[in-house]
Number of protein chains: 2
Amino acid sequence: MRILLIEDEAALAGPLVEHLAADRHLVEWFDTLADAESAERASPFDVILLDLHLPDGDGLEFLKSLRDRRVHTPVLILTARDKVSDRIKGLNLGADDYVIKPFDLDEVKARIHTVCRRGEDKLAQITAIGDLSISLADHSVMRADVPVRLTTREWQVLETLVRRKPAVVPRESLEAALYAFGEEVESNALEAHISRLRAKLGKDLIVTHRGLGYALCP
Amino acid sequence: MRILLIEDEAALAGPLVEHLAADRHLVEWFDTLADAESAERASPFDVILLDLHLPDGDGLEFLKSLRDRRVHTPVLILTARDKVSDRIKGLNLGADDYVIKPFDLDEVKARIHTVCRRGEDKLAQITAIGDLSISLADHSVMRADVPVRLTTREWQVLETLVRRKPAVVPRESLEAALYAFGEEVESNALEAHISRLRAKLGKDLIVTHRGLGYALCP
DNA sequence: CGCAACCTTACGCGAACCTTACGGGGTACA
DNA sequence: TGTACCCCGTAAGGTTCGCGTAAGGTTGCG
């Protein structure tokens, strides 16, 4: 999952990034609203973690402009215990939840999880296709009851396909899910990953729609 | 798990009771605060689901009196989307989380789960993996019924891995568990400990997730 | 047939990781 | 004060492995 973290305290952000990365998420961390905004405009995220107190402006303004632009990405506010009014404003402006600093890393993970699931209902459950079952919750894949080990990249591809099932996902979207802003790749790396995924999970799982993209088998 | 549900709308409560019962929970449902309070006094619950708008009083009052009585049972508030201030008051009075009505049944389940997990005490249990058993309580490890001597550092690594099982634990988390603030280490000391642990406990116990961290075998 | 999109596979680099030996520093006991 | 022991950080050298790259094959559509 692509996560946008907007937080200016490195002491908080660092461990959080590590913790989420260990959960196979792609986290992009910015410490100013300006940078975060351009990243968000470049390509959409699945969740936004937003600190309200930032060097170059008010996080609530950012949230408001986001919603004004009809961007409905779930927003999780990171707030200090004593900033009650900020929390209220945030919820009124369309934030989905908040976490009180200093936060427990596992709690943030859990909140991200529930917040994401609100719109997507069944996606958090286990997806079963043929002889394999994919659990978005704990990032595991079983094929005929034996666990399959995927690499980070492979998992990211599979995850986005599952999340958008049964839609056809254009390769640009997949590449955006793999590579952070500024580290794009100029080769058929994506095709290579698809190929390796097919080798591990079966040839029929991912179907190619020529000129359009990829989709999971129906 | 014993769950106390306080909710006066039967249309909401009914399906929720069924859904939780299907998940092997024991749900007791009351539609007045008076009944709920006497039930709570009679014997403690593991979680309380609390609607704020009730025929015989304010749910927040109930919550406050609960906390005043030093009852720390996790409380999950059921609230309407537009009652933001109630939510904030609830959280300030010691509620643990809230769910917005009309709620998704699975979401309520998930929230109950996370809320309960916070205080859970897993210290007493013995973890068995393959031919070895690990007791967090008395800091001992047995391999095929013979005790294994671990050094302090080795034990700290193993313990954090057990506590987070089956999650992948980033190396930063492990290092944080080993070294206090200000006495960090700049070498591959952690890797050395992992290696020595593997020598003592078997090569397959700790699996490496390249770029992410370590985890106990599944 | 021709071309473009896509598949597969091998290769190689570089980073991440493993192993092992060494030595400092602490502790115990005489 | 000396000696024996052992924990543990350090560093060096070796190994593994993910991943991007590119070359050559395959598919499919006009």
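By convention in this document, chain letters (A, B, ...) are assigned in the order of the sequence lines, proteins followed by strands, and residues within each chain are numbered from 1. Being a predicted model, the structure only gives us computed values, none of them experimental.
Phosphate proximity of C/dC7 to A/Tyr214: present, with a side-chain N or O under 4.0 Å from OP1 or OP2. Within the 4.0 Å cut-off from OP1 or OP2 of C/dC7, at least one side-chain nitrogen or oxygen of A/Thr208 is found.
Residues satisfying the ring-ring contact (aromatic ring centres under 6.0 Å, His included) test with A/His209, not counting sequence neighbours, are none. Contacts of B/Asp51 classified as salt bridge (charged side-chain N to carboxylate O under 4.0 Å, His left out), with partners at least two apart in sequence or in another chain: B/Lys101. Under the salt bridge (charged side-chain N to carboxylate O under 4.0 Å, His left out) criterion, B/Arg210 pairs with no residue, sequence neighbours left out. Every residue was checked against the salt bridge (charged side-chain N to carboxylate O under 4.0 Å, His left out) condition with B/Glu172, not counting sequence neighbours, and none meets it.
Taking atom CH2 of B/Trp155 as the reference point, atom P of D/dC8 lies 14 Å away to the nearest angstrom. For the pair A/Arg198 CZ and C/dC7 C1', the interatomic distance rounds to 8 Å; values are reported in whole Å. At whole-Å resolution of the value, CG in A/Asp204 and C1' in C/dC7 are 15 Å apart. Regarding B/Ile194, its CD1 atom lies at a distance of 14 Å from the P atom of D/dC8, rounded to whole Å. In this structure, the CD atom of B/Gln156 is 8 Å from the P atom of D/dC8, given to the nearest Å. Distance, A/Leu174 CG to C/dC6 P: 12 Å, rounded to whole Å. Protein atom NE2 of A/His209 is 18 Å distant from nucleotide atom P of D/dT27, rounded to whole Å. Summarising the geometry, the separation between CD on B/Glu191 and C1' on C/dA21 is reported as 16 Å, rounded to the nearest angstrom.
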Sequence-aligned protein contact record of nucleotides 15-24 of chain D, with B where the base is within under 4.0 Å of a protein heavy atom and S where only the sugar-phosphate is: -BBSSBBBB-
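Between A/Asp56 atom CG and A/Glu61 atom CD the span is 12.0 Å, to the nearest 0.5 Å.
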Pairs under 3.5 angstrom only: tabulate donor-acceptor contacts from the side chains of residues 185-196 of chain A to other protein residues two or more places apart or in another chain.
unit_1	atom_1	unit_2	atom_2	d
A/Ser187	OG	A/Ala189	N	3.2
A/Glu191	OE2	A/Arg171	NH2	3.1

